[in-house]
Amino acid sequence: MNMPLPPLALYVHVPWCVRKCPYCDFNSHGVGASANLPEDAYLSALIADLDADLALAEGRELVSIFIGGGTPSLMSDSFYRRLLEAVSARLPWAADMEITLEANPGTLERGRFAGYREAGINRLSIGVQSFQHAQLTALGRIHSGDDALAAVGEARAAGFDNLNLDLMHGLPGQTPELAMTDLETALSLAPEHLSWYQLTLEPNTEFHSHPPRLPEEEILWDIQDLGHERLEAAGLERYEISAYARSGRQARHNLNYWRFGDYLGIGAGAHGKLSRWGDSGLDMERRWKTRQPDAYLRRQHDPRGFLAGREAIAPRELPLEFAMNALRLVEGVPLSIWKAHTGHPVDRLLTCLQAARKKGLLVEDEEWLRASPQGLLFLNELLALIDETG
């Protein structure tokens, strides 16, 4: 008898932003501060996109919705009220549904926070990145530190009691002292969740083509060590490589990713991962939608639909795919679920586990697959050993 399919989430992509940041490799398109976005047309396209994917839900309820971008907070509260009404009319929701909206602290969007909360959004993720003028300028951000502080205050006044702050470290010209000042400012705002991650230079970004001068490696290590210690002392538990939360406030949507759950993806360039039972076991595939916003809008009148591509995850790739997500979690995953998610017997992991433990990359535990603190730092080396099981 087949086991239940993995939990199902929904990702919604909003591709527009005021100005594309030089480090950003997401599908985002700068339109300026005064652009008149095609809200009604995009809402119609999103609903049609969802309708085309409904059968992939296989009767499952949604455990979370995440609205990312771009800058989703450029859209009105009415847009999200209508969108969420359409989603709830088509798919059942978990009783404790988490609905997250990404927002930027610029004054353009802040006045809408109360409307977003009334629309049904119950978690806000604010892209602060830094509170300091020099760092924000280097990152090409359009807000100030004061804007970020005001945005958090307005979010609280609007009734948001589940708040994430995105904060970067390892920024151009940043010292450990400057990084800790940013962290202390963030902690003073008492967020329920903090995403604290190092700036990386991704391909197809302005920073990759014209890299800024980043701190030396020794400084980066110092920042990480100091930050982990300070966050733990503040009562924010590290549960993923770059995610910290108060008890019970871990991001459910992201946990579903890291635990290899399924997710529908709607919107320009959105990606999804879906599972279904086949003759030989659990089949998985990745799907992605038309990337360019104008082309995506035209696709609702095109018999080809919104799907731009799909790719089955080959059985050979499943161990690495699963491990790439699960080993980001500090707690790891029980070895008992390895076969169900990968189709590979645990016995084939034994050699890799022995080698990884000898290198200090895995915790000595016969029942859990869990990276050591060293393994979290050198995850690619650990994943290379896991890949040998395929």
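In this chain, numbering begins with 1 at the start of the sequence shown.
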Quiz item: What do the steps show when you test His228 against Tyr244 for side chain to side chain donor-acceptor pair (under 3.5 Å), and what is the final call?
Solution: CA-CA 9 Å; His228 295 327; Tyr244 303 76; 2.5 Å; yes
Practice problem: Could you walk me through whether Asp262 and Arg60 pass salt bridge (Lys or Arg N to Asp or Glu O under 4.0 Å), step by step? | Solution: CA-CA 10 Å; Asp262 281 357; Arg60 288 171 287 178; 2.9 Å; yes
Quiz prompt | Matching residue for Asn164 among Glu192, His193, Glu102 - test: side chain to side chain donor-acceptor pair (under 3.5 Å) | solution = His193
Quiz item: Any salt bridge between Arg141 and Asp147, counting N to O under 4.0 Å?
Solution: no
Quiz prompt | Side-chain ion pair, Asp53 and Lys289, N-O less than 4.0 Å | solution =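 Looking at Asp53 and Lys289, the cut-off is met.
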Quiz item: Can you name the residues that form a side-chain hydrogen bond (donor to acceptor under 3.5 Å, both in side chains) with Tyr296, not counting sequence neighbours?
Solution: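 Listed in chain order: Asp49.
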Quiz item: Arg230: what forms a side-chain hydrogen bond (donor to acceptor under 3.5 Å, both in side chains) with it, not counting sequence neighbours?
Solution: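 Testing Arg230 for side-chain hydrogen bond (donor to acceptor under 3.5 Å, both in side chains), a comparison that skips the adjacent residues, returns Glu184.
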Practice problem: Under the salt bridge (Lys or Arg N to Asp or Glu O under 4.0 Å) rule, what do Arg357 and Asp365 come out as? Steps first, then yes or no, please. | Solution: CA-CA 10 Å; Arg357 285 170 181 156; Asp365 192 319; over 6 Å; no
Quiz item: Checking Lys273 against Phe260: charged group under 6.0 Å from the ring centre and within 45 degrees of the axis?
Solution: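 Lys273 over Phe260 ring: yes.
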Self-check item: Results of salt bridge (charged side-chain N to carboxylate O under 4.0 Å, His left out) for Glu381 - residues two or more places apart only
Solution: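 Once residues adjacent in sequence are excluded, the partners of Glu381 under the salt bridge (charged side-chain N to carboxylate O under 4.0 Å, His left out) criterion are Lys359.
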Exercise. Could you tell me which residues satisfy salt bridge (charged side-chain N to carboxylate O under 4.0 Å, His left out) with Arg299, sequence neighbours excluded, listed by chain and number?
Key: none
Quiz item: For residues Tyr80 and Glu85, is any side-chain donor paired with an opposing acceptor at under 3.5 Å?
Solution: no
Atom pairs and distances, donor-acceptor, side-chain atoms in residues 321-336, under 3.5 Å, two or more places apart:
from, atom 1, to, atom 2, distance (Å)
Glu321, OE1, Arg286, NH2, 2.4
Asn325, ND2, Glu321, O, 2.8
Arg328, NE, Glu240, OE2, 2.5
Arg328, NH2, Glu240, OE2, 2.5
Glu331, OE2, Arg259, NH2, 3.3

Quiz prompt | Transitive ILVMFWY side-chain link Trp196 to Val128, under 4.5 Å | solution = yes
Exercise. Start with the C-alpha gap between Asn104 and Ser73, add the side-chain angles, then the distance that decides, and say whether side chain to side chain donor-acceptor pair (under 3.5 Å) holds.
Key: CA-CA 7 Å; Asn104 278 347; Ser73 51; 5.8 Å; no
Self-check item: Minimum-distance pair of heavy atoms, taken over all atoms of Asp25 and Pro203
Solution: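 Minimum heavy-atom separation between Asp25 and Pro203: CB-O, 4.0 Å.
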Could you pull out all donor-acceptor pairs under 3.5 Å where a side-chain atom in residues 205-214 meets a protein atom, sequence neighbours excluded?
from, atom 1, to, atom 2, distance (Å)
Thr205, OG1, Glu202, O, 2.6
Thr205, OG1, His208, N, 3.1
Ser209, OG, Thr205, O, 3.4

Practice problem: List the steps, then state whether salt bridge (Lys or Arg N to Asp or Glu O under 4.0 Å) holds for Arg117 with Asp77. | Solution: CA-CA 8 Å; Arg117 187 68 191 88; Asp77 53 352; over 6 Å; no
